[in-house]
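Model, not experiment: these values are computed from the prediction. Here is how names work: the chains are called A, B, and so on, in the same order as the sequence lines, proteins then strands, and each is numbered from 1.
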Amino acid sequence: MAYNFKEVMERPDRLASGHRMCAGCGAPIAVRGVLRAIKPEDKAVICSATCCLEVSTCMYPYTSWKDSFIHNAFENAAATISGVEAAHKSLAAKGKVPENYKFIAFGGDGGTYDIGFQSLSGAMERNHDMVYVCYDNEAYMNTGIQRSSATPLYADTTTSATGKASSGKTQNRKDLAEVIAAHHVPYVAQTTFIGNLKDLHEKAEKALYTPGAAFLNVLAPCPRGWRYEAEDIAEICKMAVETCFWPLFEVENDVWKINYQPKNKRPIEDFLKTQGRFKHLFKKGNEHLIADIQKEVDHRWELLLKRAQ
Amino acid sequence: MAIQDRLSGNEAVSIAIKQINPDVMPAFPITPSTEIPQFISQFIANGEMDTVFVPVESEHSAMSACIGSQSAGGRTVTATSSCGLALMFEMLYVAASNRLPITMAVVNRALSGPININNDHSDSMGARDSGWLQIYAENAQEAYDNFFQCMKIGEHPSVQLPVMCCQDGFITSHAVERMELIETEKVKAFMGEYKPEHYLLNPDQTLAVGPYDIPQYYMEHKKAQAVAMENARAAILEVAKEFEAMTGRKYGMIEEYCMEDAELAMIIIGSSAGTAKEACDELRAAGVKAGVIKVRVFRPFPAEEIVAALKGVKAVAIMDKTESFSANGGPMGAEVKAAMFGKLGDVLVTNYIYGIGGRDVKVDDLKSVYDKLAEMVKTGKSPEHYQYLALRD
Ligand SMILES: Cc1ncc(C[n+]2csc(CCOP(=O)(O)OP(=O)(O)O)c2C)c(N)n1
Ligand code: SF4
Ligand SMILES: [Mg+2]
């Protein structure tokens with residue numbers, strides 16, 4: 001079905017406003033974008049890992065979630081929703097609950113790439129009929145911007161601090177979408193907030209309506225951790241894609257497809273300079289650090305191009 | 001007609017699960033409970049039951065999936081031992097605070113390290129404050145009977161808490177005993193259907209489970225949980241009565257053996273209670289007024305029942321099949337002494353650590369405990385420190 005921005009935006013929000021996330025936060029954009037892809041007549045059970053999203057949307061006695069919601073712990077959103085899905089399978093077979101439920105887990109990069117990695121891998125391998133959505137803000141924001149395995153090279157975080165003897169995180173980031181694709185689940189995609197959110201919507205729709213396990217990795221900037229002004233989020237996401245730092249791609253039944261190839265790949269500086277966490281890289285004498293990042297971005301883009309041929 | 005059979009504890013519990021046919025069972029293998037998910041998987045493969053089995057990648061995920069499933073409205077069971085239970089630790093508290101009546105077969109085994117696959121109670125005793133009910137079996141028959149009762153107690157409207165159904169690893173789980181099974185129709189009638197008041201998959205009312213709790217509410221929520229544990233006392237007895245009406249087998253918080261006129265008493269849990277009864281019989285034959293208090297339910301703790309059973313006793317030995325490293329005795333020792341405080345001032349008390357890591361517990365070992373009690377009565381003194389039973393030099 002062709003993407004109709006107006007129709008999609010007019011669907012009732014399944015995440016109520018009034019939650020406590022910061023202005024300019026990418027997480028609620030990711031959540032709303034995914035939930036809008038659920039057909040309004042379908043029901044959903046949503047799980048969130050412990051993270052900024054969870055603490056800001058479900059503070060007793062309130063909840064921002066209009067669907068049934070469960071928070072369990074930091075590292076087990078995938079296992080938790082797999083239990084919900086298993087119960088649904090059992091109860092629906094006995095005619096005790098309606099068939100038309102969707103099962104979605106949200107986790108931050110910490111809860112997904114790191115501590116929840118095993119739980120996610122297990123649930124993907126078991127191929128539950130579920131969608132796992134990682135909103136990737138490239139650090140543990142809820143506990144005060146600590147590095148994760150999603151944090152890019154040389155980023156300044158509170159546990160990969162910059163100083164006289166350090167230029168930030170010394171390791172490259174993990175490519176999680178690729179790792180999940182290696183589980184050979186029916187659908188894996190990477191996206192962010194571009195244009196009128198068409199890419200996010202279409203991928204969420206495919207993820208939700210493809211039977212079996214699906215994984216979405218959504219780059220979801222955080223103004224506090226990345227140090228930018230709230231209104232700059234759209235530009236930052238655009239630069240992430242235009243520099244090929246965050247390529248838009250999907251893997252459908254093991255077929256790799258790049259959804260957008262920039263005509264002129266922008267230099268990585270165009271992404272880095274938008275954020276305070278990379279500020280130290282622009283000091284005189286640090287040009288080689290930017291060159292290191294550029295080299296890694298180029299290398300990974302080449303790999304992706306080969307995969308998608 | 002009840003069915004006579006020869007079964008191990010693991011087989012018995014697996015048959016109980018088959019007869020209940022719960023909605024979901026997430027599980028992960030670990031000795032000595034591994035056979036339980038194996039049997040269930042085979043029963044499902046044979047078409048004998050239609051539980052959705054979730055072969056998770058760890059016990060942490062097993063308990064996480066149990067929480068998801070039971071919150072969704074599914075009757076959910078699992079099984080584990082030792083390190084598996086330890087890996088679930090974080091989630092045990094969540095299951096209890098969410099008031100989810102998950103039923104878990106715990107086949108007790110020593111915790112690492114050093115790694116040891118044999119029986120003691122360090123695993124479940126380590127989780128004693130997690131908010132789960134704990135019911136311990138002396139033998140396979142009890143493990144079987146308890147499993148039904150555990151689920152029914154947990155699901156009781158006044159309780160709504162998860163329950164551990166414990167049996168001793170290898171000693172009970174693998175030894176084959178003569179026992180009596182209940183007809184499946186009777187089991188079904190006894191268990192009834194699981195109908196939670198609130199659940200995630202209720203199409204008429206959405207639900208939020210596990211919200212962030214702030215200081216203004218947390219204490220009240222914990223108090224509500226404590227009240228549910230308190231309510232469990234009555235539910236345990238109510239369910240036991242119903243179970244007795246169905247099977248003729250009687251259960252309570254504790255079991256008293258030769259306690260009417262006992263002067264020397266031993267308080268003990270699990271399979272070793274059988275050994276204690278044997279020691280008691282031999283001593284009775286020799287004219288010693290020995291008795292045994294078997295603790296069946298450890299959570300909620302049967303403080304009143306134990307104190308009442310100890311009336312008239314001169315000396316008591318409290319037996320712990322785990323070390324708690326308080327440098328002051330084991331968990332049963334601490335709980336029983338707290339229960340006695342101010343009520344049984346002149347009873348002499350000693351606390352033993354025994355049988356840990358699978359150390360054999362022989363009738364003679366337990367008789368030596370009664371000898372110690374007799375000596376205490378003679379000198380009028382309790383030992384100052386807790387002691388280890390049958391320790392090699
Ligand atoms: C077992 C466990 N370890 C640590 C924590 C503390 N903790 C809570 S949220 C969090 C970081 C979350 O990071 P991420 O998943 O990236 O989500 P974000 O807050 O960045 O959106 C940490 C470390 C916890 N809740 N549980
Ligand atoms: S700290 Fe960052 S991730 Fe957390 S709510 Fe604020 S903007 Fe969002
Ligand atoms: Mg994060």
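Proximity to chain B is limited to the side chain of A:Lys96, based on heavy atoms less than 4.5 angstrom apart. With a 4.5 angstrom heavy-atom cutoff, B:Glu90 touches chain A only via side-chain atoms. Interface residue A:Leu91: only side-chain heavy atoms are found under 4.5 Å from chain B. In this structure, the portion of A:Glu75 lying under 4.5 Å from any heavy atom of chain B is its side chain and not its backbone. Of the two parts of B:Pro26, neither the backbone nor the side chain holds a non-hydrogen atom closer than 4.5 Å to a non-hydrogen atom of chain A.
When each of B:Val94, B:Asp213, B:Val24, B:Asp23 is checked for heavy-atom pairs under 4.5 Å with chain A, B:Asp23 comes out on top. Top candidate by heavy-atom pairs under 4.5 Å with chain B, chosen from A:Ala87, A:Ala73, A:Ala77, A:Ser48, is A:Ala87. When each of A:Ile81, A:Val84, A:Val97 is scored by its heavy-atom pairs under 4.5 Å with chain B, the top score falls to A:Val84. In terms of non-hydrogen atom pairs under 4.5 Å with chain A, the most contact-rich of B:Leu207, B:Ile214, B:Val52 is B:Leu207.
For A:Ser121 and B:Glu57, the side-chain atoms include no donor-acceptor pair closer than 3.5 Å.
Note that CG of B:Asn98 is 9.5 Å distant from NE2 of A:His71, once rounded to the nearest 0.5 Å.
Other residues, nucleotides and ligands place no more than 12 heavy atoms under 6.0 Å from the NZ atom of B:Lys195. Around atom CD of B:Glu197, no more than 12 heavy atoms belonging to other residues, nucleotides or ligands sit under 6.0 Å away. Within 6.0 Å of NZ on A:Lys174 lie more than 12 heavy atoms contributed by other residues, nucleotides or ligands. Atom CZ of A:Arg224 is surrounded by 12 or fewer heavy atoms from other residues, nucleotides or ligands within 6.0 Å.
Residues B:Ala65 and A:Ser82 share a closest heavy-atom pair of CB-OG, 4.2 Å. Of all the heavy atoms in A:Ser68 and B:Thr206, the pair that sits closest is OG-CA, 3.4 Å. Nearest heavy-atom pair across A:Tyr101 and B:Leu200 is OH-O, 4.2 Å. Closest approach of A:Asn76 and B:Ser64 over heavy atoms only: ND2-OG, 2.8 Å. Closest non-hydrogen pair, A:Lys43 versus B:Pro203, comes out as NZ-O, 3.4 Å. Closest approach of B:Met91 and A:Asn72 over heavy atoms only: CE-OD1, 2.9 Å.
Tested against A:Tyr60, the residues B:Tyr217, B:Tyr212, B:Tyr218 include a single ring pair (Phe, Tyr, Trp, His ring centres under 6.0 Å) partner, B:Tyr217.
Comment: B:Glu193 does not engage A:Lys94 in a salt bridge, judged by the lack of any side-chain N to carboxylate O separation of less than 4.0 angstrom.
The closest side-chain heavy-atom distance from A:His128 to B:Val54 is below 4.5 Å. Contact of the B:His60 side chain with the A:Ser119 side chain is not registered, since no non-hydrogen atoms from C-beta on lie closer than 4.5 Å. A:Tyr62 is not listed as a side-chain neighbour of B:Pro211, based on a closest heavy-atom distance of 4.5 Å or more.
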